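Letters go in sequence order (proteins before strands), and every chain restarts at 1. Quantities reported herein were computed from a predicted structural model and do not represent experimental measurements.
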Number of protein chains: 2
Amino acid sequence: MAATQTARARVRAELTNEIVSAAREELASTGAAGLSLRAVARRLEMVPSALYRYFPSRDALLTALIVEAYEAVGMAAADADGRSGRNPADRWNAVCTAVRGWGHDHPNEWALVYGSPVPGYQAPQDTVEAALKVTRVIAGIFADAIPSGTPAPGRLPAAPDTMAAVVGPIEAELLPGRPPEAVAWVVMAWTGLIGMVSLELFGHYEGATTDFQQVFAYNMGALGHLAGVG
Amino acid sequence: MAATQTARARVRAELTNEIVSAAREELASTGAAGLSLRAVARRLEMVPSALYRYFPSRDALLTALIVEAYEAVGMAAADADGRSGRNPADRWNAVCTAVRGWGHDHPNEWALVYGSPVPGYQAPQDTVEAALKVTRVIAGIFADAIPSGTPAPGRLPAAPDTMAAVVGPIEAELLPGRPPEAVAWVVMAWTGLIGMVSLELFGHYEGATTDFQQVFAYNMGALGHLAGVG
DNA sequence: CCCTTGACATGAACACTGTTCTTGTTTACG
DNA sequence: CGTAAACAAGAACAGTGTTCATGTCAAGGG
């Protein structure tokens, strides 16, 4: 029967969620590299091998967490964008603040998705789609800030002719009709945002400043300004 | 006697170097998280516990590799800077290319220093000094490009008054007498360079472009231009 | 010169890890 | 009702970092 099937499937889905939740808590406390499948099992009062009925390997569990994290940070960015007004600069700054805030609240999840990849781990296709969420938000701001057909300002060096072809796929999807430089702006903005939060969370500004929040805000503002949403 | 002491100390130093070398090879092949102390011992035909005479823990061995990597990438940057001419734009581009090239040649070392920190690992003071090498090279280019006392151009929003105090320590050391915005430029440039290479090596531009080399070159050029060395 | 001290190497052991396999047990379906 | 599949349990394997007791050897002092 379909009802019994769904019953079994439902308890299975429930337990799968519980496993992911336990893994998330474990990740939050011990970090990505130290995430132990056995510790997750202990937390659930299960035997380690039982987890293999739900996830074929530790990497599969990690993948679930990665997708979750990508979607969470993407949601944080989208929410912040939605709550801010129509001004591109405000939207950009709001997104930067939100993304950085999420990273501070979930440093281990951040390291999991934006840190060094686990050796031998090959990102499945599920993750790359989830990873695009933040990019889409940023590209959306730029797409609104740069009307279609706008010529490139002289502030930036002209992109080489091949640039459009090089980044063709994402340009067509996210920034149709915009000048080829626009893709570079989005890449610069995204790279600057993710890069700066990463380097901060990974401790690379340690001792360089007494109030990184201020440096971050100024730099993101400047970056947005230069890239065209200022 | 001093001679005998140095003899023993010398063989000890030699063996220490051999251990680090073996660890470096091991790192290059298996990655940072998979670096196994026992595998290093096997490579040297030693018993694992013997390594503890030379390094108190696996983390200490990692620290040695981290310092080595920082110095290597810093050397690559400094060499490229030295080989290029006096034009700040050329120097900046040369450094970017060199740093990215080093990262491509040593992806695991890159992940070790710029990737997610090992959980529980606390960076000793040795590493932070070595980590500054690249920063110094970049700051040197900016210091030469921006004569002391130059007012900030209107291209960037003015830095808040507190900015100078916030980043005071490194400003005084690396960019004396430059406008407070100069520090932000260096931070932006360094962040953009390290961030972009990191995100590339960690696979975050996968599928976004067919020729990342070109995107990188263009973006670094634009970044340098905007930050004042163009 | 002997003899003690300390550095070194060894191998066994401990507490872990991810993963697999075998053995029941329960649950759904023809 | 009986069968086949899903599940849980526990033991086992190979691997990890680290510690400890034991043996071995060179250096230095009395």
Side-chain angles (χ1 to χ4, degrees), chain A residues 1-20 22-23 26-27 29-66 108 112 117-122, chain B residues 1-20 22-23 26-27 29-66 108 112 117-122:
Chain A
M1 266 230 185
T4 57
Q5 264 205 358
T6 49
R8 188 152 66 180
R10 202 177 51 199
V11 61
R12 182 186 173 85
E14 265 178 31
L15 226 159
T16 306
N17 279 340
E18 278 185 44
I19 293 173
V20 175
E26 193 67 20
L27 170 71
S29 68
T30 69
L35 193 152
S36 154
L37 215 147
R38 291 180 110 103
V40 174
R42 268 194 299 272
R43 194 182 281 263
L44 295 167
E45 295 185 340
M46 282 177 135
V47 82
S49 55
L51 294 183
Y52 283 79
R53 295 270 153 193
Y54 301 88
F55 293 93
S57 73
R58 180 175 167 272
D59 279 6
L61 185 52
L62 273 183
T63 299
L65 291 175
I66 288 174
N108 288 317
L112 186 62
V118 189
Y121 176 83
Q122 202 62 354
Chain B
M1 266 234 180
T4 58
Q5 263 206 358
T6 49
R8 188 151 64 179
R10 202 177 51 200
V11 62
R12 181 186 173 85
E14 267 178 29
L15 228 162
T16 305
N17 279 340
E18 279 185 44
I19 292 173
V20 175
E26 193 67 20
L27 171 69
S29 67
T30 71
L35 194 152
S36 155
L37 214 147
R38 292 178 110 103
V40 174
R42 267 195 300 272
R43 195 182 280 262
L44 294 167
E45 294 185 341
M46 281 178 136
V47 82
S49 55
L51 295 184
Y52 284 77
R53 295 270 154 193
Y54 300 88
F55 292 93
S57 73
R58 180 175 167 272
D59 279 6
L61 184 53
L62 274 183
T63 298
L65 291 174
I66 288 175
N108 287 318
L112 186 62
V118 189
Y121 175 81
Q122 203 62 352

> Hey, is the side chain of A:Arg42 poking within less than 4.0 Å of OP1 or OP2 on C:dT17, counting only N and O atoms?
Replying inline: yes
>> Taking only side-chain N and O atoms of A:Tyr54, does any of them lie within less than 4.0 angstrom of OP1 or OP2 on D:dA8?
In response: yes
Check the distance between [N]'s [atom2] and [X]'s [atom1] and give it to me in whole angstrom.
{"X": "B:Leu62", "N": "D:dG17", "atom1": "CG", "atom2": "C1'", "value": "12 Å"}
{"X": "A:Leu44", "N": "D:dA9", "atom1": "CG", "atom2": "C1'", "value": "15 Å"}
{"X": "A:Leu37", "N": "D:dT16", "atom1": "CG", "atom2": "C1'", "value": "16 Å"}

> Excluding sequence neighbours, so at least two apart, what forms side chain to side chain contact (heavy atoms under 4.5 Å, CB included) with B:Ala60?
Replying inline: B:Phe55, B:Pro56, B:Ser57
[atom2] on [Y] to [atom1] on [X], rounded to 0.5 Å:
{"X": "B:Leu112", "Y": "B:Ile66", "atom1": "CG", "atom2": "CD1", "value": "4.5 Å"}
{"X": "B:Tyr54", "Y": "B:Met46", "atom1": "OH", "atom2": "CE", "value": "5.0 Å"}
{"X": "B:Arg58", "Y": "B:Thr63", "atom1": "CZ", "atom2": "OG1", "value": "10.5 Å"}

Could you tell me whether [X] contacts a base, only the sugar-phosphate backbone, or nothing, with contacts defined as non-hydrogen atoms closer than 4.0 Å?
{"X": "B:Leu35", "result": "sugar-phosphate"}
{"X": "B:Ser57", "result": "sugar-phosphate"}
{"X": "A:Leu15", "result": "sugar-phosphate"}

> How far apart are the closest heavy atoms of A:Asn108 and A:Gly31, and which atoms are they?
Replying inline: OD1-CA, 3.5 Å
> Mapping A:Arg53 and B:Arg58 onto DNA chain D by nearest heavy atom, which one lands closer to the 5' end?
Replying inline: A:Arg53
> Any N or O donor-acceptor pair linking the side chain of A:Arg38 to the base of C:dG18 at under 3.5 Å?
Replying inline: yes
> Would you say the side chain of B:Ser36 and the base of D:dG15 hold a donor-acceptor pair, judged only by whether the two atoms sit under 3.5 Å apart?
Replying inline: no
>> Quick check on the helix from C:dC1-D:dG30 to C:dA28-D:dT3: what's the angle between its two end axes, five base pairs per end, to the nearest 10°?
In response: 10°
> For A:Pro48 and B:Met46, take the nucleotide of DNA chain C holding the closest heavy atom to each; which residue's nucleotide lies nearer the 5' end?
Replying inline: B:Met46
>> Show me the pairs that pass side-chain hydrogen bond (donor to acceptor under 3.5 Å, both in side chains) and involve residues 33-48 of chain A, at least two apart or across chains.
In response: A:Glu25-A:Arg43, A:Glu26-A:Arg43
